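Computed from a predicted structure; not experimentally measured.
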Amino acid sequence: MHPSAALARIKPSPTLAITTRVQELKRAGVDVIGLGAGEPDFDTPDFVKEAAIKAIRDGQTKYTNVDGTPELKAAIVAKFARDNGLSYTPDQISVNVGGKHTLFNAIVATVDVGDEVIVPAPYWVSYPDVVLFAGGTPVFVAAGPEQGYKLRPEQLEAAITPRTKWVILNSPSNPTGAAYSAAELKALGEVLERHPHVWIFADDMYEHILYDGFEFTTIAQVCPSLYERTLTVNGCSKAYAMTGWRIGYAGGASWLIKAMSKLQSQSTSNPCSIAQAAAVAALNGDQSFLKDRAAAFQVRRDLVVSMLNAAEGITCPKPEGAFYVYPEFSALIGKTTPSGKLIDSDEAFVAYLLDDAKVAAVQGGAFGLSPAMRISYATSDALLREACERIQTACANVR
C-alpha cells in the first residue's frame, strides 16, 4: 500500500507547519514569538458565542442540509446584498467547512487533468496544491513589489490559453495585504470579458480588514457582465475571529453550487450545526465592531512597516488590508550569520530568525515569490515591537 498519485502531487501546508513548530518550542519553554499564523488574536464576539450556546440548548445538534441551513443561506444572501451589492438566491449559496473547503470543492468539482488555473504570485499556499490535487496545472504569474503585488491586465491576457478554466483573485491578499481598487478590478474584468471560457474565483476573506479609508469592491460587483462566471468566496474566520468554527461560504451559478454540494455530500456532509448557528448571528448581528478591529490592526501595521523598514536589508511595502506584511530582503541573500551559515535563500533567513532571534515567520518560497517572508501582525502591539526589535538585531548581525 502506498499513497495515491493525487496525494503525492501535494505537500503539507507550510504555514500550518510553522504554527505547529512554534507551539512545540513554546511547550519546551523557548521564548519564541510566532508571527506565522494567519489568525486574529481577538476573541470571537460574545453575541456570536451566545448564539452558539443557545443553539446547543435548543437542540440544534442534528444533521443539517449538506451545504448549509436555510437560516444561514438567508443570512449570506443578505450579507452579499448589504456589503457587496450582489443579488443571489439560496440555491446560489454554498456553506462549507472554511474557505479552504470552498476552494477544494470548487476546484475538484470543475477541474480536469490538463486544465489550467491562473494563480498570481505571491499566493495563498493552498491555491496551487488544490489545483494539483485535482489534476490541473497552476499557471503562476509573478506580481512583485514593484507592481504593488497586484496582477496587471496585460499579464492576465498573456497567461490565458484555451485550457484556462479559472483565475484566482484574492483581495485583500494573503500573504501580501495588497488590495485591488475598483478601477484595477475593472481593468482585469475587461480582459476576462474577452475570454468567456475563464471563470473567476474571488477570494474576499479579508474584506473587512482594510486601512486608510480603502473601499472594498469585488469583481462581480464592479463587472456585472462577469457575475454568471464568478464564484464570490468569503467566510467568518478572519472578520469575526471565528477561525476554529470553520465556516466558509460562496455565491455563484446554481449549477456550480449544486456540483459543489454533490462533492460535499460524499466528503464532509454538513458543516457543524452549532458553528452554522453562530455564523447566522455573526452575519446578521451588529457589524460596528469590525471597524474598531480594523483600526487596531492599522496601528499594528504602521508599527511593523516602520520597524521592518528600519532593519538593515529589509524593504517592507505598506499593505492596504489583511493582517500581513510581505517584506523582501534580496540585500541579505549571500550574507553570513554570526554562526557562519550562508543565507542563500529566504528559507535560510527565516531559519536564522527562528534559531537566533526566536521569531517565527514564513518564507516567501511557500507563497511563490522570493526572497521575502510573510509576517502576520495579528498579535499584541508589545509582542510585535519586541519581535521587530529582534529582527532588527538579527539583520544588523549578518556579515
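Environment of CD in E146: crowded, with over 12 heavy atoms of neighbouring residues, nucleotides or ligands closer than 6.0 Å. Remark: E154 CD is packed, more than 12 non-hydrogen atoms of other residues, nucleotides or ligands lying under 6.0 Å away. Around the CZ atom of R385, the shell of radius 6.0 Å holds no more than 12 heavy atoms that belong to other residues, nucleotides or ligands. More than 12 heavy atoms of other residues, nucleotides or ligands shown are found within 6.0 angstrom of CD on E389. Under a cut-off of 6.0 angstrom, the local environment of NZ in K49 is crowded, with over 12 non-hydrogen atoms contributed by other residues, nucleotides or ligands. No more than 12 heavy-atom neighbours from other residues, nucleotides or ligands sit within 6.0 angstrom of CZ on R57.
Salt bridge status for E193 with R229: absent, with no side-chain N to carboxylate O gap under 4.0 Å. The existence of a salt bridge linking R152 and E184 is excluded, since no basic side-chain nitrogen approaches an acidic carboxylate oxygen closer than 4.0 Å. Between E386 and R390 a salt bridge is recorded (basic side-chain N to carboxylate O distance below 4.0 Å). By the 4.0 Å N-to-carboxylate-O rule, K341 lies too far from D356 to be salt-bridged with it.
Checking side-chain atoms of R163 against main-chain N and O of E116 turns up no donor-acceptor pair under 3.5 Å. Put simply, the side chain of K358 gets close to the backbone of D355: a donor and an acceptor are under 3.5 Å apart. Side-chain atoms of N65 never come within 3.5 Å of backbone atoms of D67 as a donor-acceptor pair (strictly under, hydrogens ignored). Without hydrogens or angle criteria, K100 side chain to S126 main chain gives no donor-acceptor distance under 3.5 Å. Remark: the backbone N or O of T161 is paired with a side-chain donor or acceptor of H197 at under 3.5 angstrom. At least one donor-acceptor pair closer than 3.5 Å links the side chain of Q287 to the backbone N or O of A282. In this structure a side-chain-to-backbone donor-acceptor pair under 3.5 Å is missing from E207 to N234. The backbone N or O of A178 sits nowhere less than 3.5 Å from a side-chain atom of Y326 that would complete a donor-acceptor pair. Looking at N170, its side chain does come within 3.5 Å of a backbone N or O of N174 through a donor-acceptor pair. The backbone N or O of K318 sits nowhere less than 3.5 Å from a side-chain atom of R301 that would complete a donor-acceptor pair.
Screening L86, D83, D203 for a side chain to side chain contact (heavy atoms under 4.5 Å, CB included) involving T218 leaves a single residue, L86.
In summary, the aromatic rings of Y88 and Y227 are positioned with their centroids under 6.0 Å apart. In summary, the aromatic rings of F297 and Y211 are positioned with their centroids too far apart to meet the 6.0 Å limit. Taking the six-membered ring where the residue is Trp, the centroids of F42 and F323 are separated by 6.0 Å or more.
Annotation: the span from C395 atom SG to E312 atom CD amounts to 7.5 Å, rounded to 0.5 Å. Going from atom CD1 of I391 over to atom CD1 of I33 covers 8.5 Å, rounded to the nearest 0.5 Å.
By the side-chain contact (heavy atoms from CB on, under 4.5 Å) test, D112 pairs with D115, K165, sequence neighbours left out.
A cation-pi arrangement is absent between R374 and Y149 under the rule of less than 6.0 angstrom and at most 45 degrees off the ring axis.
Ring pair F140/Y123 is parallel by interplanar angle, where below 30° counts as parallel and above 60° as perpendicular. Ring geometry for F133 against F104 counts as tilted: the plane angle lies between 30° and 60°, on a 0 to 90° scale.
No side-chain heavy atom of V233 sits under 4.5 Å from any side-chain heavy atom of D204. Looking only at side-chain heavy atoms (C-beta outward), R246 and H101 stay at 4.5 Å or farther from each other.
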